[in-house]
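The next block holds one structure in the form of structure tokens; read it before the comments.
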Amino acid sequence: MILKAFNVTKRFGSLTAVDNLSFEVQKGQIYGIAGPNGAGKSTVYNLITGFYPYEGKIEFDGRDITGLPPYRIAKVGIARTFQIPQTFPSLSVQRSISVGSRFGAPGGLDPAHVNEILRFVGLEEERYQKTGLLNLLGKKKLMIGAALATKPKILMLDEPMAGCNATEIKSLMDLIRKINQDLGITVVIIEHFMKVLTELTENLLIIESGRMVCCDEPVKVANDPKVIECYLGEDHAGGK
Ligand SMILES: Nc1ncnc2c1ncn2[C@@H]1O[C@H](COP(=O)(O)OP(=O)(O)OP(=O)(O)O)[C@@H](O)[C@H]1O
Ligand SMILES: [Mg+2]
């Protein structure tokens, strides 16, 4: 196991956003998280990456990381992207990826690694372009590239396909597979597209109101009556 959450709970005032949640991600896998809007998915990432204090415990790579601040979490090898692409619009693509390289573990800024990443995510030709001028797919690749620049052991993606058309989705799916297979990085992905999750993931966790509904192979999850009731609806049964 590379990531383990034990009875994690997060309250915002009277709202319990994450409610006694436990789950395990195996090293090398692509692990999916889905659930209705407001289920607590992004909050789970915010807890893992040290944005808020919480009850319970999180272990990463055999080590207790509960309560570590975000910069320490980046150093242990956890990288994430955000639901809304966040870039520095006036920086070039290359500089933006260098920022990730500077924050990562270990060794600091590494120009050769930045070049490798530009090639890997397919942004070589846009390297001197200002990030504000990238199209949606470009911005998504940049966010993933900046996360990869920290040399993570695990990459956590928050709805990377949001707003994308079918061609862009395919391109991002190919990139995510390559990150997992060629770079050997464990991937956790929050996504609403069930088809993406059934094709990409080995395990899928469904949460609703901060609680686990089920966790299994994606095809089983997509046919689970509890999941169809709370999240998918009849039309989606079978992972369509
Ligand atoms: N910093 C915060 N302060 C107060 N409430 C918050 C905070 N962050 C999240 N919440 C609340 O916690 C609940 C879970 O939010 P979260 O963003 O984790 O959901 P989500 O599953 O990612 O939803 P979506 O699919 O819409 O992205 C929501 O009710 C949200 O309003
Ligand atoms: Mg979210």
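Each ligand, and each atom within it, is numbered from 1 in the order the structure gives.
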Write none if no such pair exists; otherwise list each N/O atom of ligand 1 with its protein N/O partner under 3.5 Å and the distance.
residue, atom, partner, partner atom, Å
ligand 1, 1 (N), Y52, OH, 2.9
ligand 1, 18 (O), S42, N, 3.4
ligand 1, 18 (O), T43, N, 2.9
ligand 1, 18 (O), T43, OG1, 2.6
ligand 1, 19 (O), G40, N, 3.3
ligand 1, 21 (O), A39, N, 3.1
ligand 1, 21 (O), G40, N, 2.9
ligand 1, 21 (O), K41, N, 2.9
ligand 1, 21 (O), K41, NZ, 2.8
ligand 1, 22 (O), S42, N, 2.9
ligand 1, 22 (O), S42, OG, 2.9
ligand 1, 23 (O), G38, N, 2.8
ligand 1, 25 (O), N37, OD1, 3.2
ligand 1, 25 (O), K41, NZ, 2.7
ligand 1, 25 (O), E159, OE2, 3.4
ligand 1, 25 (O), H192, NE2, 3.3
ligand 1, 26 (O), N37, OD1, 3.3
ligand 1, 27 (O), Q83, OE1, 3.2
ligand 1, 27 (O), Q83, NE2, 2.7

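By the 4.0 Å N-to-carboxylate-O rule, K178 lies too far from D174 to be salt-bridged with it. With respect to K226 and D224, a salt bridge is recorded, a charged nitrogen being found less than 4.0 Å from a carboxylate O.
Proximity of a side-chain donor or acceptor of T131 to a complementary backbone N or O of F88 within less than 3.5 Å is detected. Judged by distance alone, with hydrogens and angles left aside, the side-chain atoms of K141 form no donor-acceptor pair with the main-chain N or O of F120 at under 3.5 Å. Looking at S98, its side chain does come within 3.5 Å of a backbone N or O of Q94 through a donor-acceptor pair.
By the criterion of a separation under 2.8 Å, the protein N/O/S atoms near the Mg ion (ligand 2) amount to S42 OG, Q83 OE1.
Applying the 6.0 Å contact sphere to CZ of F51 captures more than 12 heavy atoms from other residues, nucleotides or ligands.
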Using residues 203-215 as the side-chain source, report each donor-acceptor pair under 3.5 Å to any protein atom, sequence neighbours left out, with the distance given to one decimal.
residue, atom, partner, partner atom, Å
R211, NH1, D19, OD2, 2.7

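For the side chain to side chain contact (heavy atoms under 4.5 Å, CB included) test, residues two or more places apart in sequence or in another chain that qualify with F12 are K10, L15, A17, T43, Y52.
Taking both residues in full, the closest heavy atoms of L197 and E191 are given as CD1-O, 3.4 Å, listed atom of the first, atom of the second, then distance.
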